[in-house]
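Naming: A, B, ... by sequence-line order, numbering from 1 per chain. Hydrogens, waters and symmetry mates are skipped; everything else that's a heavy atom, side chains included, is used.
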There are 2 protein chains.
Amino acid sequence: MYQSRPLNTIEYVIPVKKDPPTRGRPKTLERDHVLQTALMCYWANSPTDVPISEICDKAGASKPGLYREFGSDDGLKEAVLGAYGEMISMRRHEILGSDQPFDKAIDALIDQTVQDRRTLEVPDGCLLFAMRARRDEFGPLTRQKIDQLRTDSLKQYQQWIDRAKSNGQFKTDIPTDVAALYFDAQIGSAMRLQKEGVSNELIGEVLRTAFLALR
Amino acid sequence: MYQSRPLNTIEYVIPVKKDPPTRGRPKTLERDHVLQTALMCYWANSPTDVPISEICDKAGASKPGLYREFGSDDGLKEAVLGAYGEMISMRRHEILGSDQPFDKAIDALIDQTVQDRRTLEVPDGCLLFAMRARRDEFGPLTRQKIDQLRTDSLKQYQQWIDRAKSNGQFKTDIPTDVAALYFDAQIGSAMRLQKEGVSNELIGEVLRTAFLALR
DNA sequence: TACATTTCGTACCTATAGTTACGAAACTAA
DNA sequence: TTAGTTTCGTAACTATAGGTACGAAATGTA
């Protein structure tokens, strides 16, 4: 079995970018701030319709600075999606990774999905689903990231479903891959309805209808 | 109650554009051919990413000719969507408007949705759902058309469901508006999965899962 | 102080997409 | 034939977006 080294030896392999004896003009571009700004712009609008210059303005960065940091439009979008993907993956893991009963997890999933976005201070809808719908309008890096996140989502659902099956909590004989696709599709639908302006209450009813047959 | 005039008197009110004593250079632009060409381009690709010039090339029309006919990019898209909407509305009516039992209609709906597109010689996915996902990237005319078609769809489902309810074929106590939204969402999901490359077989399983609880 | 190094950001370049000005072309009517 | 009418399509215009050349600025080092 693979024996991992202690974490801090990694720094000898991949030099950690802390503060290597700083020379030259100090960097002022705040990578994380740019990422957050871009994320919000993409999320709140159509991700393909936000020009780089707008992100620069809102983040208080210059265009060349942004290109130095992310390489290209494609690179920026990939980075943003990376950050976003990590976030939603964690949020989903809080539910699917917990050991609560399958039924309760479904309820929690619905609750999380229809949570009021004004309270959370984030836009309606889901950036990932919005970008999946526009997959072929992006560059290769972003496309690959989209595909990876899609695969990751499905795996997360699959593991959860398999666990429920082995616990005897998954009653029907629906194959795991179908069920995983089903969950992903339902949440995706909900996110799109939310973006269309449908009330979270109504979306909740739709979701409960969708999961009626699974419990 | 409103008494409508005989149809042919309309021609006195709204002059029918048949062959009014033709003067000037004869028109060569084939409106329907341009519409069909544009429809296929939008359907097969991202509707927001097909330049007018490409449609002109493929349809063998000139750009000014196209603008004379449709007024603008927005006008062309509205016209295309109008034609497309009529088509899918009719196809859906063949199923929902028939008097077959609710169960059978659901089966037919699934069959129609997962029908092989190479056989039908049309692209995967659904143009209307693709455009709904990009709603705010379009001009006002197209936006309005999108909204109208969405409303029409929901109404079509609602009438069908209400009829099933009054026939005693709709077993659950799900409200009509929720159920209509549910059908629309499921078909939308299916269309998106198809566009993502998921097999029609798998999509069929997902749809059958979705409608399990409704019969 | 002078030099090496690194980043900064103004001002540009380039490509593309929507849109149109305008003169030529093709027809009817007188 | 000539005048009037309508459409045609080449060749522009304009705006916008992604991307970058390059000199200035800000630091450490000799």
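Within the nucleic acid shown, B:Pro51 comes within 4.0 Å of sugar-phosphate atoms alone, with no base atom in reach, counting heavy atoms only.
Proximity of A:Tyr67 to the phosphate of D:dT20: no side-chain N or O atom is located under 4.0 Å from OP1 or OP2. For A:Thr28, a side-chain nitrogen or oxygen approaches OP1 or OP2 of C:dC8 to under 4.0 Å. At least one side-chain nitrogen or oxygen of A:Arg68 sits closer than 4.0 Å to the OP1 or OP2 atom of C:dC8.
The two atoms that bring A:Ser98 and A:Arg163 nearest to each other are O-NH1, 3.7 Å, heavy atoms only.
A cation-pi contact, defined as under 6.0 Å to the ring centre and within 45° of the axis, links A:Arg92 to A:Tyr157.
A straight line from CG of A:Leu76 to C1' of D:dG19 spans 13 Å, rounded to a whole angstrom. Between B:Asp57 atom CG and D:dG9 atom C1' there is a gap of 13 Å when expressed in whole angstrom units. In this structure, A:Glu54 atom CD and D:dG18 atom P are separated by 10 Å, rounded to whole Å. Following rounding to the nearest Å, A:Glu69 (CD) and C:dT7 (P) show an atom-to-atom distance of 9 Å. Regarding A:Ile52, its CD1 atom lies at a distance of 13 Å from the C1' atom of D:dT16, rounded to whole Å. In this structure, the CD atom of A:Glu137 is 15 Å from the P atom of D:dA17, given to the nearest Å. As a whole-Å value, the separation of A:Asp49 CG from C:dT16 P is 18 Å. Residue B:Glu30 contributes atom CD, which lies 15 Å from atom C1' of D:dT7 at whole-angstrom precision.
Between B:Ile161 atom CD1 and B:Thr176 atom OG1 the span is 6.0 Å, to the nearest 0.5 Å.
Comparing C:dT19, D:dA21, D:dC8 by their nearest atom to the side chain of B:Asp73 picks out C:dT19. If you check D:dC8, D:dG9, D:dG28 against the side chain of B:Lys27, the one that comes closest is D:dC8.
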Please report, to 0.1 Å, the donor-acceptor pairs under 3.5 Å made by any side chain of residues 51-67 of chain B, with sequence neighbours excluded.
residue: B:Glu54; atom: OE2; partner: B:Lys58; partner atom: NZ; Å: 3.1
residue: B:Ser62; atom: OG; partner: B:Gly65; partner atom: N; Å: 3.2

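Checked against the 6.0 Å centroid criterion, the rings of A:Phe183 and A:Phe211 qualify as a close aromatic pair.
When the nearest nucleotides of DNA chain C are assigned to B:Asp74 and B:Gly24 by heavy-atom distance, the more 5′-ward of the two goes with B:Asp74. Along DNA chain D, the nucleotide nearest to A:Ser53 and the one nearest to A:Pro26 differ in position, and the one closer to the 5' end is contacted by A:Ser53.
In this model, no side-chain donor or acceptor of B:Lys63 finds a partner on the base of D:dG9 within 3.5 Å. Side-chain atoms of A:Arg25 stay outside donor-acceptor range of the base of D:dG28, with no qualifying N/O pair under 3.5 Å.
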